[in-house]
Amino acid sequence: MALQTLSDWFWWERIWLPCNYTWDDFQNSEGTGAACSSQLLVTLPLALLFMLLRYGFERAIATPVARAMGIKSKVRLKASINPVLENFYISNSKHPSQVDIYGLAKKCNRTTVQVERWFRRRRNQDRPAVMKKFQESCWRFTFYLCALIGGFAVLYDKPWFHDVWEVWVGYPKQEVLTSQYWYYVMELGFYWSLLFSVASDVRRKDFKVQVVHHLATIFLLNFSWGVKYIRVGTLTLLVHDVSDVLLEAAKMCSYAAWTKTCNILFAVFAVVFVISRLIVFPFWIIYATVVYPLYYCPRFFLYYFFNMVMFILQFLHIYWAYLIFRMVRKMISGNVSRNGHFYPH
């Protein structure tokens, strides 16, 4: 009873819906328009399935592809077990000063050269291997490519794909297509899997930004489905996938040291990113969520809340555009790192 009361309060119509609308208005008379967040609960077990598929994919497909592209698994020398040095490495610093090295050498009865070698090997143990980074990018490239093809198949003949005004025609009594549902389910399941595996994936400099991005995307997908902003959601997914494919392809070539191919792909990616996320997303899609709804109903709470999250997503795009421009500058100067740390999501 308490849970039901909490649920009723949380989904109070005055919070989430425009004036004079009820949740019953979100059900079409034909029965094809029902949409609620509980329909997306299947994405949680699907995320676990994606993680299992990824495990098999990285070993059965990504690894042979990496070897075919010239990437080899290098055997790294492990640092010997030493509790004193390990404790300093974890608690104090991975890069000890000369004074620290001298003191540690006396404690461990070793030479300063041996201590320096130990820390060098210990840092190498924590550094992700090129093979692991390639496997991650290969998996993401495969999914984004399939999602991009699927997204075009779902949207190419829809009127709102060509005219964003059509996003709101007939709202909220819009038909929910089976293709839209599965497009949502697959994408949301994948983003849940990325969030679940973020701790074990290669940790990049924009780690915290990636987590915020995943959380914002998951929120937008769930709530856009629950309040039938589904047409906006499908367009947002497609806009993101179109550049992500090129990014992961460029990273794969970077890890394989295919410099010319990497630079070409990254240049194309940079152009597509600017067009899709700095032009199309804010001036078409966000514009459609900020301006067009006001022609149908007054402002309401969800209108502000949903658009706030959309703007958070856009600020992340601007941040990643800054990283892209830094990377382009490095490409022009010929100082591009193979580790891909400056690549945005």
Side-chain angles (χ1 to χ4, degrees), residues 16 26 28 32-43 46-47 50 140 143-194 213-245 272-273 275-293 296 302-303 305-307 309-314 316-317 345:
W16 302 114
F26 282 62
N28 288 356
T32 57
C36 62
S37 295
S38 62
Q39 294 171 326
L40 300 180
L41 291 176
V42 68
T43 59
L46 180 62
F50 269 130
R140 295 187 185 194
F143 176 83
Y144 290 137
L145 180 61
C146 294
L148 180 62
I149 295 172
F152 273 114
V154 169
L155 295 172
Y156 81 97
D157 60 343
K158 305 300 186 294
W160 62 89
F161 180 69
H162 306 281
D163 181 6
V164 290
W165 184 269
E166 293 288 335
V167 161
W168 302 109
V169 173
Y171 181 84
K173 291 182 176 292
Q174 296 173 336
E175 182 181 12
V176 179
L177 304 175
T178 302
S179 59
Q180 290 175 315
Y181 173 73
W182 285 109
Y183 188 30
Y184 257 72
V185 165
M186 298 302 288
E187 289 272 8
L188 185 54
F190 181 73
Y191 276 103
W192 274 121
S193 72
L194 291 182
H213 174 271
H214 296 338
L215 290 173
T217 303
I218 289 169
F219 169 83
L220 285 171
L221 288 175
N222 275 291
F223 275 82
S224 65
W225 181 267
V227 297
K228 292 186 74 171
Y229 280 24
I230 299 171
R231 294 180 178 181
V232 171
T234 54
L235 293 176
T236 301
L237 289 171
L238 190 65
V239 164
H240 281 72
D241 289 339
V242 71
S243 60
D244 286 338
V245 172
V272 172
F273 185 94
I275 294 173
S276 62
R277 301 204 192 185
L278 299 186
I279 298 176
V280 174
F281 186 72
F283 295 109
W284 269 265
I285 297 179
I286 292 183
Y287 187 83
T289 63
V290 172
V291 177
Y292 292 167
Y296 291 88
L302 179 63
Y303 167 86
F305 194 62
F306 185 85
N307 283 306
V309 180
M310 291 285 278
F311 276 106
I312 290 174
L313 203 56
Q314 182 56 32
L316 295 179
H317 294 165
H345 170 73

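Numbers here are sequence positions counted from 1.
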For a 4.5 angstrom cut-off between non-hydrogen side-chain atoms, does [X] reach [Y]?
X    : Y    : result
E187 : T217 : no
V176 : K228 : yes
F50  : W192 : no

Does the [X] side chain pair with the main chain of [Y], one donor and one acceptor, at a distance under 3.5 Å?
X    : Y    : result
N222 : L40  : no
E166 : D163 : no
Y287 : P282 : no
W225 : Y181 : no
Y292 : V164 : no

Shortest non-hydrogen separation from [X] to [Y] and the atoms involved:
X    : Y    : answer
V232 : V167 : CG2-CG1, 3.2 Å
S276 : V239 : O-CG1, 3.2 Å
Y303 : T289 : CE1-O, 3.4 Å
T234 : R231 : OG1-O, 2.8 Å
G189 : L46  : CA-CD2, 4.3 Å

Requested in this report: Identify, with sequence neighbours excluded, every residue that meets ring pair (Phe, Tyr, Trp, His ring centres under 6.0 Å) alongside F311.
Outcome: none
Show me the side-chain donor-acceptor pairs of residues 147-158 shorter than 3.5 Å, one per line, residues at least two apart or across chains.
{"unit_1": "K158", "atom_1": "NZ", "unit_2": "V154", "atom_2": "O", "d": "2.5"}

Query raised in the report: Quick one: are the ring centres of H240 and F281 less than 6.0 Å apart?
Result: yes
Query raised in the report: Can you find a side-chain donor-acceptor pair between S224 and Y184 that sits under 3.5 Å?
Result: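 There is such a pair between these side chains.
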Query raised in the report: Q314: what forms a side-chain hydrogen bond (donor to acceptor under 3.5 Å, both in side chains) with it, not counting sequence neighbours?
Result: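 In terms of side-chain hydrogen bond (donor to acceptor under 3.5 Å, both in side chains), with neighbours along the sequence ignored, Q314 is linked to H317.
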